[in-house]
Engineer: 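A single structure is presented below for examination.
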Amino acid sequence: MCLQMQSTLNNIIDKDQPIIFNKCIIDTDPSITYNYSTGHFTINSNGIYYIRWWANIHTCNDSDYVSLSIKSCKGHNIESCTTKKEQLCGDAIVSVYDSHLNFSLTNNSNSSVGLCPYTNIKANLSIFKISKSYIKNDNLL
């Protein structure tokens with residue numbers, strides 16, 4: 001694992017805004033950084049990365065659905081499973097080929113979403129760099 005971030009904040013996440021993580025659990029790769037003010041992650045090293053996330057959702061002002069997604073500067077919009085409440089989770093495999101990728105875990109719902117105030121950890125995001133030996137399709141590189 002390269003980086004693991006958690007949120008312990010009782011935040012309301014507005015539509016199209018990122019979850020803000022306030023606690024770094026693991027940080028072993030200096031080429032992956034996190035901006036605590038903006039909620040944006042930056043990967044500055046070529047390779048294939050696996051991103052896994054979850055968030056405990058308590059409230060939503062929309063009657064339709066709750067959704068989170070990885071949104072990046074390269075146009076990625078990788079959506080989580082959708083639900084009305086409870087825990088949302090998702091994962092993504094992204095390729096960094098020009099030594100730069102910015103992304104955030106963003107509220108993709110139609111309205112604001114509240115993280116659960118009754119749990120210590122509200123959200124988690126982990127990033128893993130995948131070794132080339134695990135890649136079966138060279139087109140991903």
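Every value quoted in this text rests on a predicted model; they were computed, and no experiment measured them.
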Engineer: Could you state the interatomic distance from CD1 (Ile25) to CD (Gln4), rounded to the nearest 0.5 Å?
Structural biologist: 5.5 Å
Engineer: Could you pull out all residues at least two apart from Phe103 that satisfy ring-ring contact (aromatic ring centres under 6.0 Å, His included)?
Structural biologist: Phe41
Engineer: Apart from Ile121 itself, which Ile, Leu, Val, Met, Phe, Trp or Tyr residues share its cluster (side-chain heavy atoms under 4.5 Å, direct or through members)?
Structural biologist: Trp54
Engineer: Applying salt bridge (charged side-chain N to carboxylate O under 4.0 Å, His left out), which residue pairs with at least one partner in residues 99-121 are found, sequence neighbours left out?
Structural biologist: none
Engineer: I'd like to check the side-chain hydrogen bond (donor to acceptor under 3.5 Å, both in side chains) partners of Ser31; sequence neighbours left out, ordered by chain and number.
Structural biologist: Asp29
Engineer: Determine which pairs satisfy salt bridge (charged side-chain N to carboxylate O under 4.0 Å, His left out) with at least one residue from residues 4-14, sequence neighbours left out, and list them in order.
Structural biologist: none
Engineer: Are Cys24 and Met5 close enough, and set up right, to give a side chain to side chain contact (heavy atoms under 4.5 Å, CB included), and what steps lead you there?
Structural biologist: CA-CA 5 Å; Cys24 182; Met5 299 294 295; 3.7 Å; yes
Engineer: Restricting to side chain to side chain contact (heavy atoms under 4.5 Å, CB included), what partner residues turn up for Tyr50, sequence neighbours left out?
Structural biologist: Arg52, Asp91, Ile93, Phe128, Ile130
Engineer: Between the main-chain N or O of Ser99 and the side-chain N or O of Asn46, is there a donor-acceptor pair closer than 3.5 Å?
Structural biologist: yes
Engineer: Per the side-chain contact (heavy atoms from CB on, under 4.5 Å) rule, which among Ile57, Leu68, Val66, Leu88 passes with Ser109?
Structural biologist: Val66
Engineer: Could you walk me through whether Leu101 and Cys73 pass side chain to side chain contact (heavy atoms under 4.5 Å, CB included), step by step?
Structural biologist: CA-CA 7 Å; Leu101 179 70; Cys73 64; 4.3 Å; yes
Engineer: In sequence, state the C-alpha distance, the side-chain angles, and the governing distance for Asn56 and Leu115, and then conclude on side chain to side chain contact (heavy atoms under 4.5 Å, CB included).
Structural biologist: CA-CA 6 Å; Asn56 289 322; Leu115 298 180; over 6 Å; no
Engineer: Applying side chain to side chain contact (heavy atoms under 4.5 Å, CB included), can you list everything that pairs with Asp98, at least two apart in sequence or on another chain?
Structural biologist: Lys74, His100
Engineer: Can you measure from CH2 (Trp53) to SG (Cys89) and round to the nearest 0.5 angstrom?
Structural biologist: 8.5 Å
Engineer: Going by side chain to side chain contact (heavy atoms under 4.5 Å, CB included), name the residues that satisfy it together with Ser104, two or more places apart in sequence or in a different chain.
Structural biologist: Pro18, His40, Thr106
Engineer: NZ/Lys71 to CG/Asn102 distance, rounded to the nearest 0.5 angstrom?
Structural biologist: 15.0 Å
Engineer: Determine whether Ile70 and Leu125 satisfy the following criterion, side chain to side chain contact (heavy atoms under 4.5 Å, CB included), listing intermediate values before the conclusion.
Structural biologist: CA-CA 10 Å; Ile70 295 290; Leu125 187 141; 4.1 Å; yes
Engineer: Does one side chain, of Asn108 or Lys15, offer a donor that lies under 3.5 Å from an acceptor on the other?
Structural biologist: no
Engineer: Going from CG on Asn124 to OG on Ser126, what distance comes out if it is rounded to the nearest 0.5 angstrom?
Structural biologist: 4.5 Å
Engineer: Can you tell me how far apart CD1 (Ile51) and CD1 (Ile127) are? Round to the nearest 0.5 Å.
Structural biologist: 5.5 Å
Engineer: For residues 99-119, pull every pair meeting salt bridge (charged side-chain N to carboxylate O under 4.0 Å, His left out), keeping only residues two or more places apart or in separate chains.
Structural biologist: none
Engineer: Between the main-chain N or O of Phe21 and the side-chain N or O of Tyr34, is there a donor-acceptor pair closer than 3.5 Å?
Structural biologist: yes
Engineer: Return the NE2 to CD1 distance between His58 and Ile12, rounded to the nearest 0.5 Å.
Structural biologist: 8.5 Å
Engineer: Please identify each residue that fulfils side chain to side chain contact (heavy atoms under 4.5 Å, CB included) with Leu9, with sequence neighbours left out.
Structural biologist: Ser7, Asn11, Ile20, Asn22
Engineer: Keeping the roles fixed (side chain from Asn107, backbone from Ile13), state whether a donor-acceptor pair exists under 3.5 Å.
Structural biologist: yes
Engineer: Applying salt bridge (charged side-chain N to carboxylate O under 4.0 Å, His left out), which residue pairs with at least one partner in residues 102-122 are found, sequence neighbours left out?
Structural biologist: none
